[in-house]
Amino acid sequence: MIVTTKQLFEIAYGKYAVGAYNINNMEQCMGLFRGCVDSKAPFIIQLSKGARDYTHKLMLEGIIRAAEQIFPDAIYAVHLDHGDEKTCIDCINSGFYSSVMIDASSESFDENVRITKLVTDLAHAKGIAVEAELGQLGGVEEHVNVDEANAKLTNPDDVKRFVSATGCDALACAIGTSHGAFKFTGSQGLHFDVLAEIQKRVPGFPLVMHGSSSVPQEEVARINAAGGNLKGAKGVDDNQFKRAAELGVTKINIDTDGRLVWCRVHREMFRDKPEVFDLRPPGKIFMAEYAKFIAAKNVKLGSAGQIDAIRALLAK
Ligand code: G3H
Ligand code: 13P
Ligand code: ZN
């Protein structure tokens with residue numbers, strides 16, 4: 001069942017976070033649905049601009065609609081990840097997306113407000129929710145290239161003004177994470193102090209944590225042992241997700257970890273079975289391994305086991 005991110009956030013706020021997972025193809029889609037149904041967790045499917053351009057935006061829509069028939073118990077929302085103005089408008093008009101993210105975080109505060117409000121007004125006219133971003137994560141994003149060194153945490157003093165001026169429905173905050181597999185050096189970590197201040201300014205308002213892959217060290221070790229070179233890769237401690245959820249983080253974005261599963265499965269297959277050239281053997285293993293990864297991640301998010309309660313609440 002497709003629901004809106006708004007519905008999921010109202011139910012989850014302060015209690016647990018909903019996993020927002022990026023997909024690009026059928027194998028990721030199957031693993032995601034399987035893992036969420038097995039762990040009885042609601043979820044958000046995120047489609048980035050890059051994912052929409054990988055084959056065709058309609059291909060993704062077709063794959064997701066097919067998955068819904070294969071997994072009728074799934075409860076999920078479809079969301080555009082890191083959209084620009086043009087892509088947001090395309091998704092708003094498509095009738096398929098429950099919400100869009102407008103990422104104008106690299107712009108000045110005033111320009112970010114202007115672009116976000118424009119998109120929000122268009123989205124709300126069609127009943128679609130909007131996630132915006134304030135502050136800048138390190139690492140590389142879709143159309144924004146921010147030097148890690150210049151990453152700027154969200155200023156809690158700006159948050160209330162931004163939310164009221166734009167009318168957005170959820171806010172991605174920079175609290176120390178970055179995209180990709182190399183998030184932290186030394187003892188850096190999440191800035192819970194900043195998060196707590198943000199929540200005080202906008203109590204009850206859904207916050208979003210991007211760059212939340214945990215980059216499991218055993219995964220990195222297996223990839224490197226099979227010919228990869230990911231030395232120094234490091235992610236977010238997923239034992240901290242529940243604390244973040246209590247402080248208002250209702251959506252947690254995970255993409256890189258799924259790519260690591262894909263990379264490990266394929267590297268090991270080609271190392272151990274050099275005679276294999278069929279795409280299906282590694283594809284089958286990937287779908288099963290990704291489903292296992294997703295189910296375990298949903299436990300860390302606190303979303304595992306919530307699906308029956310959500311169904312009951314939505315039926316009221
Ligand atoms: O935050 C970015 C997401 O990980 C999506 O990555 O733009 O390469 O699809 P992508
Ligand atoms: P990761 O790179 O940590 O998986 O973050 C993904 C993300 O924030 C997508 O918007
Ligand atoms: Zn992101």
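Scope of the values below: all heavy atoms of this structure, side chains included, with no hydrogens, waters or symmetry mates. Numbering of ligands and ligand atoms starts at 1, following listing order.
- Taking the charged nitrogens against the carboxylate oxygens, K15 and E246 have no contact shorter than 4.0 Å, which rules out a salt bridge.
- Proximity of S212 to ligand 2, defined as any heavy-atom pair under 4.0 Å, is confined to the backbone N, CA, C and O atoms.
- Ion pairing of D90 with K86 is absent here, as no side-chain N (NZ or NE/NH1/NH2) approaches a carboxylate O to less than 4.0 Å.
- The closest protein non-hydrogen atom to atom 8 (O) of ligand 2 is G211 N, 2.8 Å.
- Nearest N, O or S atom of H210 to the Zn ion (ligand 3): atom ND1.
- Residue contacts with ligand 2, taken as heavy atom pairs separated by less than 4.0 Å, do not involve T177 at all.
- Ring orientation note: the planes of H266 and F286 are tilted relative to one another, at an angle of 30° to 60°.
- Looking at atom 2 (O) of ligand 2, its nearest protein heavy atom turns out to be T256 OG1, 2.6 Å.
- Not a single N or O atom of N22, backbone or side chain, sits closer than 3.5 Å to an N or O atom of ligand 2.
- Looking at N22 and D81, their side chains do bring a donor and an acceptor atom within 3.5 Å of each other.
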* R65 and E61: salt bridge (Lys or Arg N to Asp or Glu O under 4.0 Å), yes or no, with the steps? -> CA-CA 6 Å; R65 289 199 191 279; E61 187 174 332; 3.2 Å; yes

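- Taking distance alone, with nitrogen or oxygen atoms compared against 3.5 Å, N24 stays at or beyond that limit from ligand 1.
- Not a single N or O atom of I254, backbone or side chain, sits closer than 3.5 Å to an N or O atom of ligand 2.
- The distance from ligand 2 to the heavy atoms of H82 drops below 4.0 Å at these ligand atoms: 10 (O).
- Residue, atom and distance of the protein heavy atom nearest to atom 7 (C) of ligand 2 are H179 CD2, 3.3 Å.
- Of the residues K242, M209, R243, the one that meets the side chain to side chain contact (heavy atoms under 4.5 Å, CB included) test with V249 is M209.
- Contact annotation: for D81 versus ligand 2, heavy atoms closer than 4.0 Å belong to the side chain alone.
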Check step by step if side-chain hydrogen bond (donor to acceptor under 3.5 Å, both in side chains) holds for D84 and T87. CA-CA 5 Å; D84 53 21; T87 314; 2.5 Å; yes

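- Take the Zn ion (ligand 3) as the corner point: the lines to NE2 of H179 and to NE2 of H82 open at 100°, to the nearest 10 degrees.
- Residue contact check: G180 has heavy atoms under 4.0 Å from atoms 2 (O) of ligand 2.
- Checking only distances, D257 never comes within under 3.5 Å of ligand 2, N or O to N or O.
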Given K300 and Q240, is the side-chain hydrogen bond (donor to acceptor under 3.5 Å, both in side chains) satisfied, shown in steps? CA-CA 8 Å; K300 297 287 185 182; Q240 298 192 318; over 6 Å; no

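- Taking 4.0 Å as the cut-off between side-chain N and carboxylate O, D38 and K292 do not count as a salt-bridged pair.
- In this structure, the protein non-hydrogen atom closest to atom 3 (O) of ligand 2 is K183 NZ, 2.5 Å.
- Taking 4.0 Å as the cut-off, R259 counts as a neighbour of ligand 1 on heavy-atom distance.
- The side chain of H82, and not its backbone, has at least one atom closer than 4.0 Å to an atom of ligand 1 (non-hydrogen atoms only; side chain from C-beta on).
- No N or O atom of N22 sits closer than 3.5 Å to an N or O atom of ligand 1.
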